[in-house]
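What follows is a single structure, written as structure tokens, with notes after it.
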Amino acid sequence: MTPLRAIKGMNDVLPDQVGRWQRVERLYARVMSLHGFRELRTPLLEPTPLFVRAMGEATDVVEKEMYAFEHHGDALALRPEGTAGAVRAYIEHSVSQREPIVRWWYAGPMFRAERPQRGRYRQFSQLGAEVFGDEGPGCDAEIIDMLVGFLRELQVPGVEVVVNSLGGAEARARYRAALVEYLTPKASSLSAESQRRLTTNPLRILDSKDDADRAAAQGAPTLIDVLDAGDREHLAKLREALDALGTPYSIDPHLVRGLDYYTRTLFEIRGAHDKLGAGSTLVGGGRYDTLVKDLGGPAVPAIGFAAGLERLLIASDLEGPSSVVDALVAPLGAKAVAAGLQVARDLRGKGIRCEVDTRGTSLKSQLRRANALGARIVLILGDAEIAAGAVQVKDLAAHSQETIQRDQAIRVVVDRLIAAGRTVDSPVKASATDYTAPTTPEEDTP
RNA sequence: GUGGCCGUAGCUCAGCUGGUAGAGCACUGGAUUGUGGCUCCAGGUGUCGCGGGUUCGAACCCCGUCGGUCACCCCA
């Protein structure tokens with residue numbers, strides 16, 4: 001019998017790692033909140049045609065990477081990206097009728113049936129956002145600057161922003177024609193892949209990694225040359241705003257992205273090249289001023305981006321939390337366990353994370369466990385303490401220990417933890433029916 | 001999806017031209033009948049990814065397969 005295992009490219013995240021995930025997610029939620037974005041949650045499963053129409057028939061994602069299937073006659077697909085669902089929800093709920101500008105963020109798993117690699121998985125998570133109803137370049141600049149700030153908070157080294165403009169649909173069509181005209185005479189020198197692309201998706205030849213392709217593309221006309229006046233002004237204003245913000249970026253006229261819906265501003269943010277190798281794109285985004293209309297909604301301009309959470313985690317130097325609990329209750333002997341459970345319940349009522357070691361093992365092994373859990377305080381309850389109505393409060397970091405009366409012990413522990421920098425919730429009642437889970441001392445919610 | 005490399009204890013790896021397996025770390029216990037992180041001592045049968053083949057004999061060679069990884073395609 002073959003052992004049960006997770007699907008290729010779909011990974012478990014064990015608790016040791018979840019701490020880092022949560023840290024990044026909370027930081028993101030906070031950044032979003034500070035910028036007036038509100039969270040959107042959409043289904044993981046959508047009608048396949050939504051993605052086909054949003055991203056384009058000829059895109060690789062649609063052609064070969066979607067988990068698409070039929071269920072009772074419906075064509076369904078696991079979402080390969082977040083924008084299509086967000087736009088669908090925006091249209092479906094007539095949101096444009098209620099609010100002129102909408103800022104939404106989302107976080108969650110996406111699915112693409114690609115060959116896994118470091119930082120690229122079949123189920124992966126994206127942190128994304130969309131702004132509907134603001135076509136100004138200032139909005140583009142704000143988003144880019146916000147993302148750079150976010151990556152800085154994540155301590156991602158080597159962050160660089162690359163910007164390009166794809167222009168509107170007309171400009172792109174004009175450019176496509178010019179590019180094909182320029183490259184066709186050189187077709188024989190192109191890679192086989194690019195010769196095929198010449199008819200299917202010529203823009204992609206621009207960011208080919210093949211040397212011959214690069215040489216051929218070297219002198220090609222650039223998109224920026226064929227932009228119309230409005231597109232040019234948009235780009236110029238974006239650059240002005242970025243310069244004013246002091247956000248470093250570079251213009252790469254060869255930057256092209258794989259989805260058809262982009263218009264005008266297109267950007268990528270890369271970082272941590274040494275850790276991510278070829279897949280160092282951390283965030284990709286851009287404007288999609290016609291997509292809402294193309295999907296049957298009103299003519300509302302929009303811009304969005306998505307960041308790969310797994311890549312951010314590889315790139316980020318942030319560490320996860322080191323402690324699981326603040327305190328460990330160490331009862332010695334069977335009689336002490338019941339008393340220990342009471343002490344623990346009282347601690348939790350004050351927002352102290354704690355665990356009771358009910359194994360009945362030696363004090364030594366309980367202290368070892370306290371160490372492993374990162375507990376600062378150990379409350380020792382043996383026969384002598386119970387007889388005296390007391391408890392030993394041991395501070396592992398301070399190497400101190402004192403005998404405290406039971407009714408004073410909770411206050412002493414709280415004081416010690418607060419003195420050590422732990423923030424503790426305001427007291428709540430701790431009973432079986434009125435119990436509030438202690439929040440972790442982790443940061444981040446504003 | 002295409003190609004290269006890799007796959008030995010929980011982790012990182014060693015294992016000489018094929019003679020059937022080891023280290024460090026981690027973990028558990030003890031030294032200290034109730035006191036951790038340091039130190040010392042003790043504790044390992046693990047489908048050598050899986051299946052098949054060659055051989056007297058395979059962790060080591062061959063084929064297939066699964067998984068990982070890197071690059072490409074593409075993308076977050």
Side-chain angles (χ1 to χ4, degrees), chain A residues 1-3 5-11 14 16 55 58-66 79-83 107-128 147 191-194 196-197 200-201 204-205 207-211 213 256-259 268-271 276-285 304-315 328 330-333 336 357 359 361-386 392-401:
Chain A
M1 168 176 131
T2 46
R5 40 160 55 238
I7 294 167
K8 181 193 185 93
M10 305 203 180
N11 307 118
L14 296 178
D16 276 351
M55 292 185 286
T59 54
D60 278 37
V61 174
V62 166
E63 275 181 352
K64 51 185 200 189
E65 296 173 11
M66 272 213 292
R79 63 183 187 187
E81 57 108 46
T83 297
M110 307 292 166
F111 303 83
R112 291 185 199 171
E114 259 280 55
R115 183 100 158 223
Q117 235 181 89
R118 164 163 280 238
R120 170 209 281 185
Y121 310 103
R122 291 186 171 182
Q123 175 176 332
F124 62 105
S125 299
Q126 285 189 334
L127 306 175
L147 288 165
S191 67
E193 185 63 34
S194 285
R196 193 180 66 84
R197 283 192 281 226
T200 57
N201 198 345
R204 293 234 61 96
I205 297 173
D207 69 351
S208 169
K209 282 159 189 144
D210 184 274
D211 285 340
D213 291 350
V256 175
R257 317 209 77 254
L259 310 180
E268 270 186 21
I269 306 181
R270 304 168 188 150
L276 282 161
S280 62
T281 300
L282 297 168
V283 189
F305 66 84
L309 181 47
E310 287 83 353
R311 287 186 187 182
L312 292 178
L313 285 162
I314 293 169
L328 180 73
L332 300 169
D357 195 329
R359 292 176 298 174
T361 52
S362 67
L363 179 57
K364 180 211 291 270
S365 69
Q366 298 198 52
L367 286 167
R368 281 188 178 157
R369 174 149 177 81
N371 241 29
L373 292 173
R376 164 126 195 173
I377 304 287
V378 178
L379 293 101
I380 301 166
L381 268 169
D383 293 339
E385 287 75 21
I386 288 176
Q392 297 278 344
V393 175
K394 184 178 181 66
D395 186 325
L396 293 180
H399 303 279
S400 66
Q401 181 170 335

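Every chain is numbered from 1 and lettered A, B, ... according to where its sequence line falls, protein lines coming before strand lines.
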Next on the checklist: Test of understanding: with side-chain hydrogen bond (donor to acceptor under 3.5 Å, both in side chains), list the residues that count as partners of A:Thr361, not counting sequence neighbours.
Outcome noted: A:Ser365
Next on the checklist: Do A:Gln392 and A:Glu385 pair up side chain to side chain, a donor and an acceptor below 3.5 Å, judged on atom types alone?
Outcome noted: yes
For nucleotides 3-12 of chain B, give me every protein contact, N/O to N/O, under 3.5 Å, one pair per line with atom names.
unit_1	atom_1	unit_2	atom_2	d
B:G3	O6	A:Arg115	NH2	3.2

Between the protein and nucleotides 27-37 of chain B, list every N/O to N/O distance that falls short of 3.5 Å.
unit_1	atom_1	unit_2	atom_2	d
B:G34	O6	A:Ala384	N	3.3
B:G34	N1	A:Glu385	OE1	2.9
B:G34	N1	A:Glu385	OE2	3.1
B:G34	N2	A:Glu385	OE2	3.0
B:U35	O2	A:Lys394	NZ	2.9
B:U35	O2	A:Gln401	OE1	3.2
B:U35	N3	A:Gln401	OE1	2.9
B:U35	N3	A:Gln401	NE2	3.0
B:U35	O4	A:Gln401	NE2	2.7
B:G36	O2'	A:Asn371	ND2	3.4
B:G36	O6	A:Leu396	O	3.3
B:G36	O6	A:His399	ND1	2.7
B:G36	N1	A:Leu396	O	2.6
B:G36	N2	A:Asn371	OD1	2.9
B:G36	N3	A:Asn371	OD1	3.2
B:G37	O4'	A:Asn371	ND2	2.8
B:G37	O6	A:His399	ND1	2.2
B:G37	O6	A:His399	NE2	3.3
B:G37	N1	A:His399	ND1	3.1
B:G37	N1	A:His399	NE2	2.8

Checklist entry - Counting any heavy atom closer than 4.0 Å, what does A:Val378 reach on the DNA or RNA strands: base, sugar-phosphate only, or nothing? => result nothing
Checklist entry - When the C1' atoms of B:G43 and B:C5 are considered, how many whole Å apart are they? => result 37 Å
Checklist outcome for this item: Taking for A:Gln117 and for A:Ile7 the nucleotide of RNA chain B with the nearest heavy atom, the one nearer the 5' end belongs to A:Ile7
Checklist entry - Which whole-number value in Å describes the distance from A:Leu282 CG to B:A76 P? => result 12 Å
Item to check | Phosphate OP1/OP2 of B:C74: any A:Arg204 side-chain N/O under 4.0 Å | outcome: yes
Checklist outcome for this item: Between A:Val61 and A:Lys8, whichever has its closest RNA chain B nucleotide further toward 5' is A:Lys8
Checklist entry - For the pair made of CZ in A:Phe124 and P in B:C74, what is the distance, rounded to whole Å? => result 16 Å
Checklist entry - What about A:Arg118, does its side chain sit under 3.5 Å from the base of B:C70 through a donor-acceptor pair? => result no
Next on the checklist: Mind checking if A:Ala370 touches a base, just sugar-phosphate, or nothing, with heavy atoms under 4.0 Å?
Outcome noted: nothing
